[in-house]
Amino acid sequence: MATPLPTVVDVYFTDTKRTRFSITTPCRQKTNRKFFIHCATSNSTPEAPPTPTSDNNNNNKKNTSLSDQLAPLANKTLSSATRDQSYALSKPKSTWVNPTKAKRSVLSSERQKRATYSYSPQLRDLKRFAQKLNESGSSEDEFLACLEEIPRPISRENALLILNTLKPWQKTNLFLNWIRTQNLLPMETIFYNVTMKSLRFGKQFGLIEDLAHQMIDNGVPLDNITYSTIISCAKKCNLYDKAVHWFERMYKTGLMPDEVTYSAILDVYARLGKVEEVISLYERGRATGWKPDPITFSVLGKMFGEAGDYDGIRYVFQEMESVGVQPNLVVYNTLLEAMGKAGKPGFARGLFEEMIESGIVPNEKTLTAVIKIYGKARWSRDALELWQRMKENGWPMDFILYNTLLNMCADVGLVEEAETLFRDMKQSVHCKPDSWSYTAMLNIYGSQGDVDKAMKLFDEMCKLGVELNVMGFTCLIQCLGRAMEFDDLVRVFDISVERGIKPDDRLCGCLLSVVSLSQGSNDEEKVLACLQQANPKLVAFIHLIEDEKTSFETVKEEFKGIMSNAAVEVRRPFCNCLIDICRNKDLLERAHELLYLGTLYGLYPGLHNKTVEEWCLDVRSLSVGAALTALEEWMWTLTKIVKREETLPELFLAQTGTGAHKFAQGLNISFASHLRKLAAPFKQSEEKVGCFIASREDLVSWVQSKSTAAAT
DNA sequence: TTAGGGTTAG
């Protein structure tokens, strides 16, 4: 569903930074280890730790069932379907405040012990037999016929050996069923657990549930291993509600989860985005003496990363330090990924170096995460240095890492490096270029405007049968549009339609930008016809705004409709292109209306920044047309303020940026030229590139000279 | 993998 379009008022409130939590979890163990995260300052003051209770929790819960004890948890926390955005991370629940009352455990302090078993001495012939079963026909009859030849009477150990060896899941399941129906052995939990593991491989959640019900019906107890297998299978099948259902059932039947089951369910809530529930469960566990392990921290780290919640990530570090857990490779990988998602490339770099210093060797996932972060941050030097280190140290590579390196090259504009890498991939045995690799190359050539190479690649893909997806087509269309090769563009678009590619909002945005480029040429109609197929409403809107008779109210209404239906990430580009289209047609007033509407609906946050000392216009995320419109608007406003003799700051600043992306330069030049046209008193800053500066005196005298000129 | 939990791509 489309995300509702907020107004600036909504944006103001949702963007308001709140201190979401303070750390209340006590620092039980002070360690001397220094996490890099110390460089991030925390304003939160740790509250007093919960007073430890000397008595044994069991004394308090003797007379109540576990499900009664946990009723508040099961009924309130676990079943809560809504996520309160304004969670207060460490606010203790009121039920825990009384320090004289023992806290109820929510998880067992010890992991479930495994029953020991050993295989019979006739291991070899049984293994051979199990192998034969594996190779037998896949029908039930063939399998049962093969079972007739079992070399010896089945014992518990023999049955386990065979169950553990059988694959695929169909055979494991058939064998379990055979043991049960033959009444050869008393059915034990472990038989079911081993079978469930096999079924999980095959993502057979329905069958796992059937087995669980069979256990219940026949009085075979479900233990922590059973529940964690059920939960992890539900997770694997994206059946999170089922995972929650079985977890709640476990509590209701009085079985206490151990740390494995507990972290499995934490992960379920994390994936559901139920951050508050996860924190509540985590802190409840902590408050009753649980020492979480690296897996738990990985779950928490991933959750905060998905939420882009840097405070949350910091909390994970603080908790790890407080508990005395050293991050392992997976925890580092998760937290690196999380840092990237939270938009903290500097901290990610620090964390990566800390990891290397601690002696942990990065794997493909680590390097993929870090290269991606450097690429998105446009840190080409760091990316290239890391790439060099990867080669020197012989760190592991896989095809995802190769493709990530290609994407990084696209992000920072490294064309030759990408070409070399792409050639290496073609020559490699295990990392042949796939659809992702080709798309990355198309992205590079597309951004660079190298039509010949992009089209050559396109032909190569067609010849080799490499699938081209909507993103690949978008890159290609963008490339052809920038090169004004409109006939080829239409041809490529038609091929995409023939291949059943469904145009998404990004492709429409790309076509919209080509419309603005094609204006005034004979090809404008051809491009519009493509856009008409992809998004007819957008074309109707273009016609509407181009008609000078259309009222502002109508434009506003239709604009709202267009933007509400568009994906959030394309709304600003849409608005930018529409403004460009109006300016190309000399519809300046309409351009200003659209900029106003874009601002009203929060598409340009941070366009104006004011402090007592300086006012800044930041047009770095605007198209040329939109930036010039914003500049005009600003000059009009400043003129009015000067004339009204209101308070002004010392300094005025306009930021265009320098086009950190090698492929996206030009705004700076157009902006400078427009400033000259307006004769506005801004000068390119010598210290800060991509910045235009004017003093209050310059501005005031400019306004006064304009007024004098107008009067004479 | 000889019964259970966590990490990589527009």
Side-chain angles (χ1 to χ4, degrees), chain A residues 107 111-119 123 127 130 157 160-167 172 188-201 222-233 235-236 243 247 257-268 270-271 292-303 305 327-338 340 362-373 375-376 396-408 410-411 434-440 442-443 469-472 474-475 504 506 569:
Chain A
L107 80 165
R111 190 185 283 216
Q112 183 185 316
K113 295 270 186 305
R114 289 169 183 235
T116 49
Y117 61 90
S118 56
Y119 292 136
L123 194 94
K127 275 230 156 182
E157 281 69 30
L160 280 174
L161 174 81
I162 294 173
L163 276 175
N164 267 310
T165 314
L166 284 177
K167 52 189 164 188
T172 326
E188 290 180 42
T189 306
I190 190 169
F191 295 157
Y192 284 95
N193 289 350
V194 176
T195 309
M196 282 184 180
K197 183 181 173 182
S198 175
L199 290 168
R200 195 185 51 183
F201 265 105
L222 284 74
D223 62 12
N224 258 284
I225 298 178
T226 322
Y227 280 111
S228 57
T229 311
I230 296 172
I231 290 167
S232 62
C233 181
K235 232 164 34 174
K236 205 172 170 184
F247 181 66
D258 66 8
E259 63 172 340
V260 175
T261 318
Y262 207 67
S263 59
I265 203 67
L266 281 183
D267 188 37
V268 170
R271 284 167 198 239
D293 66 2
I295 293 180
T296 312
F297 291 119
S298 173
V299 167
L300 293 181
K302 180 170 179 177
M303 173 182 78
N328 64 14
L329 177 63
V330 177
V331 173
Y332 272 117
N333 288 352
T334 316
L335 289 170
L336 283 167
E337 182 90 1
N363 68 4
E364 298 89 335
K365 293 181 174 91
T366 322
L367 299 165
T368 299
V370 179
I371 284 288
K372 187 175 150 193
I373 289 167
K376 295 287 164 240
M397 292 278 284
D398 65 3
F399 72 103
I400 295 181
L401 181 49
Y402 264 108
N403 286 343
T404 306
L405 281 166
L406 283 178
N407 283 325
M408 178 274 291
D411 283 330
D434 64 355
S435 168
W436 290 72
S437 331
Y438 274 92
T439 308
L442 279 178
N443 189 12
N469 60 19
V470 66
M471 185 189 170
T474 306
C475 294
D504 62 5
R506 283 170 193 258
E569 69 272 14

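Every chain is numbered from 1 and lettered A, B, ... according to where its sequence line falls, protein lines coming before strand lines.
When heavy atoms are screened at a 4.0 angstrom cut-off, Thr195(A) is found touching no nucleic acid atom at all. Across all strands shown, Lys167(A) has heavy atoms under 4.0 Å from base atoms, whether or not it also approaches the sugar-phosphate. Within the nucleic acid shown, Phe399(A) comes within 4.0 Å of at least one base atom, counting heavy atoms only. When heavy atoms are screened at a 4.0 angstrom cut-off, Thr165(A) is found touching no nucleic acid atom at all. Counting any heavy atom pair closer than 4.0 Å across all strands shown, Phe201(A) reaches a base atom. Heavy atoms of Arg114(A) sit under 4.0 angstrom from at least one base atom. Thr439(A) comes within 4.0 angstrom of a nucleotide base, judged by non-hydrogen atoms across all strands. Across all strands shown, Asp504(A) has no heavy atoms under 4.0 Å from either base or sugar-phosphate atoms.
Partners of Thr296(A) under the side-chain contact (heavy atoms from CB on, under 4.5 Å) rule, at least two apart in sequence or in another chain, are Ser263(A), Leu266(A), Tyr282(A), Trp290(A), Pro292(A), Asp293(A). Taking Ile231(A) as the reference, Ala243(A), Phe247(A), Thr261(A), Ala264(A), Ile265(A), Val268(A) meet the side-chain contact (heavy atoms from CB on, under 4.5 Å) condition, with sequence neighbours excluded.
Contact annotation: Arg271(A) does not reach the phosphate of dG5(B) (side-chain N/O to OP1 or OP2, under 4.0 Å).
The side chain of Pro294(A) lies closest to dG6(B), out of dT2(B), dG4(B), dG6(B). Of the candidates dA3(B), dG10(B), dA9(B), dA9(B) carries the atom nearest the Glu337(A) side chain, counting heavy atoms from C-beta on. With dT7(B), dG6(B), dG4(B) as the candidates, the nucleotide lying closest to the side chain of Arg200(A) is dG4(B). Closest approach to the Asp293(A) side chain among dA3(B), dG5(B), dA9(B) is made by dG5(B) (side chain taken as heavy atoms from C-beta onward). Closest to the side chain of Ser232(A), from the set dG10(B), dT8(B), dG5(B), is dG5(B). For Asn403(A), counting side-chain heavy atoms from C-beta on, the closest listed nucleotide (dT8(B), dA9(B), dA3(B)) is dA9(B). Comparing dG4(B), dG5(B), dG10(B) by their closest approach to the side chain of Ser263(A) singles out dG5(B). When distances are taken from the side chain of Ile400(A) to each of dG10(B), dT8(B), dG4(B), the shortest belongs to dT8(B). Among the nucleotides dA9(B), dG5(B), dT7(B), the one closest to the side chain of Arg111(A) is dG5(B). For Lys302(A), whose side chain is taken as the heavy atoms from C-beta onward, the closest listed nucleotide among dT8(B), dA9(B), dT1(B) is dT8(B).
With hydrogens and angles ignored, no donor-acceptor pair closer than 3.5 Å exists between the side chain of Asp411(A) and the base of dG10(B). Judged by distance alone with a 3.5 Å cut-off, no donor-acceptor contact links the side chain of Asn164(A) to the base of dT2(B).
Nucleotides dG10(B) and dG6(B), compared at atom C1', are 25 Å apart to the nearest Å.
Nucleotide dA3(B) holds its C1' atom 14 Å from the CD atom of Glu157(A), rounded to whole Å.
Look at Phe297(A) and the base of dG6(B); the rings do not stack under the cut-offs of 5.5 Å between centres and 30° between planes.
Within the 3.5 Å criterion, the main-chain N or O of Ser435(A) finds a donor-acceptor partner in the side chain of Thr439(A).
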